[in-house]
There are 10 protein chains.
Amino acid sequence: MPDPSLLEAFQTPTDQPLVIEHVAEEFTSVCPVTGHPDFGEVTLRFQPAPPDSEAGKTGCVELKSLKLYLQSFRDEGIYYEAVTHRIRHDLVGLMRPTWLQIITDWRGRGGIRSVVRADYGDVPGEYRGI
Amino acid sequence: MPDPSLLEAFQTPTDQPLVIEHVAEEFTSVCPVTGHPDFGEVTLRFQPAPPDSEAGKTGCVELKSLKLYLQSFRDEGIYYEAVTHRIRHDLVGLMRPTWLQIITDWRGRGGIRSVVRADYGDVPGEYRGI
Amino acid sequence: MPDPSLLEAFQTPTDQPLVIEHVAEEFTSVCPVTGHPDFGEVTLRFQPAPPDSEAGKTGCVELKSLKLYLQSFRDEGIYYEAVTHRIRHDLVGLMRPTWLQIITDWRGRGGIRSVVRADYGDVPGEYRGI
Amino acid sequence: MPDPSLLEAFQTPTDQPLVIEHVAEEFTSVCPVTGHPDFGEVTLRFQPAPPDSEAGKTGCVELKSLKLYLQSFRDEGIYYEAVTHRIRHDLVGLMRPTWLQIITDWRGRGGIRSVVRADYGDVPGEYRGI
Amino acid sequence: MPDPSLLEAFQTPTDQPLVIEHVAEEFTSVCPVTGHPDFGEVTLRFQPAPPDSEAGKTGCVELKSLKLYLQSFRDEGIYYEAVTHRIRHDLVGLMRPTWLQIITDWRGRGGIRSVVRADYGDVPGEYRGI
Amino acid sequence: MPDPSLLEAFQTPTDQPLVIEHVAEEFTSVCPVTGHPDFGEVTLRFQPAPPDSEAGKTGCVELKSLKLYLQSFRDEGIYYEAVTHRIRHDLVGLMRPTWLQIITDWRGRGGIRSVVRADYGDVPGEYRGI
Amino acid sequence: MPDPSLLEAFQTPTDQPLVIEHVAEEFTSVCPVTGHPDFGEVTLRFQPAPPDSEAGKTGCVELKSLKLYLQSFRDEGIYYEAVTHRIRHDLVGLMRPTWLQIITDWRGRGGIRSVVRADYGDVPGEYRGI
Amino acid sequence: MPDPSLLEAFQTPTDQPLVIEHVAEEFTSVCPVTGHPDFGEVTLRFQPAPPDSEAGKTGCVELKSLKLYLQSFRDEGIYYEAVTHRIRHDLVGLMRPTWLQIITDWRGRGGIRSVVRADYGDVPGEYRGI
Amino acid sequence: MPDPSLLEAFQTPTDQPLVIEHVAEEFTSVCPVTGHPDFGEVTLRFQPAPPDSEAGKTGCVELKSLKLYLQSFRDEGIYYEAVTHRIRHDLVGLMRPTWLQIITDWRGRGGIRSVVRADYGDVPGEYRGI
Amino acid sequence: MPDPSLLEAFQTPTDQPLVIEHVAEEFTSVCPVTGHPDFGEVTLRFQPAPPDSEAGKTGCVELKSLKLYLQSFRDEGIYYEAVTHRIRHDLVGLMRPTWLQIITDWRGRGGIRSVVRADYGDVPGEYRGI
């Protein structure tokens, strides 16, 4: 079951702007209709909150905790759109970033492959194309 | 015969913005002039209507129904431009999305390959390049 | 000799916007200086005139006629820039489109390969990069 | 229905050895179980019979007839293995080649993609890897 | 738990030689040491037993059953080498093929990616390179 | 018209073995049936005759003359197989090499692309795969 | 230990605008938590200060000194984000450029690969996408 | 020694806008410090002056002269930045274009590869990314 | 310092033949002449000894120990050839495999990139090409 | 002028077999007919003589000396075939290897690109394909 309590964060390391991108190439969950596994890739991009703000104290997600959090979807029956929205929701809750973007890119099913993008805040134009 | 009654939809799962892309890599119809088959790839991109709007109740096309709908073009004699426009028309009718884009990418005939793009609504700039 | 009389057109099939791209991967003409053949790829992009306008009656170039027209350059001694301009001129004359773009991409000569782009009308920004 | 009567041939053009390969990138048939379309690529390789032999009079399949023959599988419910064997059977019957090889390469279904290879006669070692 | 009872087979469709390859691009099991998921790709190649032999009656694995069988490793804590050997063992038991080959190709762990190959019978030389 | 008199040669430069490969990426001739242009790539591989043999005096084709010779097919109505055989014939006549190989690789027509290979003499195994 | 004293600079060579990009493909530091090495690629982009300004006297980093400076991270236990920020800090201190951008692209750890981008000054829009 | 007197030009062939790009894939000069050769690729993009302007009379650089001019850097000891600026200077002097852009892309030295971009005039946004 | 005592092994898991390949994409050592770091990729391929032989008890190298062993070269001044030979020596000592192959693939230095291959025992022909 | 005196060698580091490959990606010489520069890539593969043989004392070419030697062709007017033969000759003279192979791969001229291969001794089959 997706478990946001697995997520940990550390303080934003600088008050000058950073953009951080993590790409988890090995994501799997379960199709809620057929029960077959879904496989995809999850991309997270964000600008962390400034270090001296309240949000900045937990401004950057810790990598190993992100990995464990993503693994917690392994047995979850959940749609593509809901996976994407859920990850956005949990990471925004953790980091309260200036902006954040989640892109899930799914291998094909029946000859159709899909991408879902979920933005939070004012994502810069250069990241808006999938 | 293209059959929009095959299409099914589900309610938009969140009131925060999502962009959804489905790519059907295996599309075939028939050239209305020569009777030979045409082969191509169909890309659908859209932002679903908000879930609490009337349109949002059918805001997201269901994937298996999309597959069956696209298969219904298999024996249809129809031009590239008309395929593209028809899919736009039927999916806008189903989902009434905030914006939507259909791109059909056709394998070559006589050394010329073609791409047709049909937009609906205010497609963001980052999706306007083919 | 380039022969625009080979070009045929059909009426724009919808009054909603379309962008159409045709890529002819096998184009050859002759270098007017050396007499050696030149080889390249010709890309045509355009937005057809609305169907109920005068221009819209011949809003879309027919694919086989485009192929024959491009073949008519086979024995022509002509520079890259003039090929590109000529195709723009003839297709604008045929279709009177909202906007149109011709890109010719030439294989190398003496270690230098070239691309020439010719726009007509208000080509959207997303197509302006070569 | 697969129709070998569509196939035509011409005499082998030289008594010196030739190897000929044709790759049909756009093949479709129907899954006999689910009724869904299958898409794949068909490769034919062969060494034609010598021109002065009886077989050599119809030593080389004519390309347009090959295209029409492959199109005749479009509505056939048939397994991957049977498609591959059937094409081998029909082309061996037509050309009686020194050797022949059919490879069908199918797009994925449920995350599994498949390749089937059918040889006839003494296919040289360098063509034996899929 | 890997469950060979999920596997089904059908009779080899021809007494002329065939080589069949199935590539499952989405395989996952669990590392028995760390408990973290492993992701990889499983390739199966084989020449089915002749149809009129006892083995030939179950000469070809059915695709959907293969998919379900491979999914049954999802929660299994098992080494790369054992996965590969186990699949070889179960498929040889099912099909008793002339020869068979299993290749598992694993995404990296700690900067090291791995491939394991397990042959059965007299695999032709052209398939022996990983 | 293909004109072997355009071909020139120079003496093999060493009595130690050499293998020489020339790839002409821009070849065009005309389909004898439809009159439409064909486009392809021509590969020539050979081991020149030893320099102190009679054949070795014209052991290596000169590059510019090869280019002009290949250009002489530009207006010729000729089949793929005949192009390949003709080039083999003319170059063997010029150079009398230890072995020689011609491969023509043609862009698709009607969704089928073709490769034709013509060997002369004892072509080493490593060059026998197309 | 990262050692900015290794960095050397030369005067901006022209008062007309230049954009300079250096990509160091072989960067390694040490994970401060696990002690395992990290491997990545470091990209530096900047517009040097005008040559007649005070900053312009040291407007361009010298390449060999950049290489030695980057090597000085080899034994440093340091996070991705801190590497990126540190390089930005040291190069801004050296060159005082009009604008500058550092992108570090890290090979995967546990199935997650990361990119960190640090901008200084008014980085043009075309460089803002990672 | 770089020799701009080698450059020749011809009149802009049309008063409608053109964008012209030439890519010289084989450029070499000499490192002024080490004396070792540098290898790179030079890209030139420009919009020629209108044909009826004074500048338009020499609006387009002639390709063979461009090749000879670039070859004249072969023995020159010169930095990346200076090569790029010098080519911009000489071509602006020749053609007085509406805008012009030079990009030099250098193979690595010591694990660092470099790109230098030099613009002249109002280069459109779509060409500003390296 | 390369430390073979870091290596651990486990018993070969089956008495049927296996081929195992591990590719460490991130290897670094130090050039003994210049003191600059070298970067490369190390490939290990082997057939483990049968499990019931004395050698088979330590027939397969454990992955994490292999990673630590390869990291122990990080500060070693050592030539490409010696790295390759040393890894062969240490792994043969550990596993006493039926055959084994080490390939090191080094990023370029001064425009030259290198590959070194070290075999042990009767490496099958299909692995002999680098 | 090609200068083999620039070449230096060191003793073969092990009496167990090694295969060594060096690829110089940046080679240039001059066409003896036109005076224009030629650009190519030079590959050297060899098995060094055993260390305790007379030849083994200079069994391995030193990398920096190889680079300088290859640079000495920079101003030489010389054919592709002669470059290839010359490098073989000079390196065989230096190292007296068990076997050696030189492959030169040249960028196109007039639409034709070329590869020349020169072997010495009993080059293993797996290296014989270009």
Side-chain angles (χ1 to χ4, degrees), chain D residues 2 29-43 45-46 76-93 96-97 99-130, chain E residues 6-28 39-51 56 59-71 73-74 87 91 95 97-99 101-103 122-130:
Chain D
S29 54
V30 174
C31 174
V33 176
T34 64
H36 287 303
D38 286 324
F39 288 82
E41 183 178 278
V42 176
T43 297
R45 290 194 189 109
F46 65 102
E76 187 75 4
I78 183 170
Y79 285 103
Y80 295 169
E81 291 82 359
V83 166
T84 316
H85 175 57
R86 180 69 191 264
I87 298 174
R88 169 174 61 183
H89 177 270
D90 290 343
L91 284 166
V92 165
R96 284 172 290 165
W99 57 263
L100 176 147
Q101 183 179 58
I102 304 295
I103 297 173
T104 57
D105 189 341
W106 303 88
R107 287 174 170 252
R109 282 278 158 268
I112 300 184
R113 54 186 168 78
S114 300
V115 177
V116 184
R117 193 189 100 199
D119 288 0
Y120 164 82
D122 190 18
V123 175
E126 65 268 22
Y127 296 113
R128 280 192 204 129
I130 288 183
Chain E
L6 292 165
L7 289 166
E8 298 174 15
F10 58 90
Q11 189 172 12
T12 306
T14 163
D15 59 359
Q16 290 179 277
L18 286 179
V19 176
I20 298 172
E21 175 181 301
H22 300 306
V23 182
E25 298 174 318
E26 303 167 346
F27 182 88
T28 186
F39 289 81
E41 184 179 278
V42 176
T43 297
L44 157 67
R45 290 194 189 108
F46 65 101
Q47 177 171 331
C60 293
V61 64
E62 195 273 333
L63 261 183
K64 187 162 185 188
S65 80
L66 177 61
K67 172 182 160 182
L68 293 174
Y69 166 69
L70 293 175
Q71 288 179 6
F73 286 80
R74 188 174 177 90
I87 298 174
L91 285 165
M95 301 192 295
T98 304
W99 57 263
Q101 183 179 59
I102 305 296
I103 297 172
D122 191 18
V123 175
E126 65 268 20
Y127 296 114
R128 280 192 204 129
I130 289 181

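Lettering of chains follows the sequences in order, A, B, ..., and the numbering in each one begins at 1.
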Student: Which residues in residues 29-42 of chain D have a heavy atom less than 4.5 Å from any heavy atom of chain E?
Tutor: none
Student: Report yes if the side chains of E:I20 and D:E81 come closer than 4.5 Å at any heavy-atom pair, otherwise no.
Tutor: yes
Student: For the atom pair OG1 (E:T14) and NE2 (D:H89), what is the distance rounded to the nearest 0.5 Å?
Tutor: 9.0 Å
Student: Out of curiosity, D:T84 OG1 to E:L18 CG, how far, rounded to the nearest 0.5 Å?
Tutor: 7.0 Å
Student: For D:S114 versus E:H22, what's the shortest heavy-atom pair and its separation?
Tutor: OG-ND1, 2.6 Å
Student: Once rounded to the nearest 0.5 Å, what's the spacing between atom NE2 of D:H85 and atom CG of E:D15?
Tutor: 7.0 Å
Student: Rounded to the nearest 0.5 Å, how far does CZ of D:R113 lie from OG1 of E:T43?
Tutor: 7.0 Å
Student: Could you give the distance from CD (E:E62) to OH (D:Y79), rounded to the nearest 0.5 Å?
Tutor: 7.0 Å
Student: Is E:F27 in contact with chain D via its backbone, its side chain, both, or neither, using a 4.5 Å heavy-atom distance?
Tutor: neither
Student: State, with a plain yes or no, whether a side-chain heavy atom of E:E21 is found less than 4.5 Å away from one of D:I103.
Tutor: no
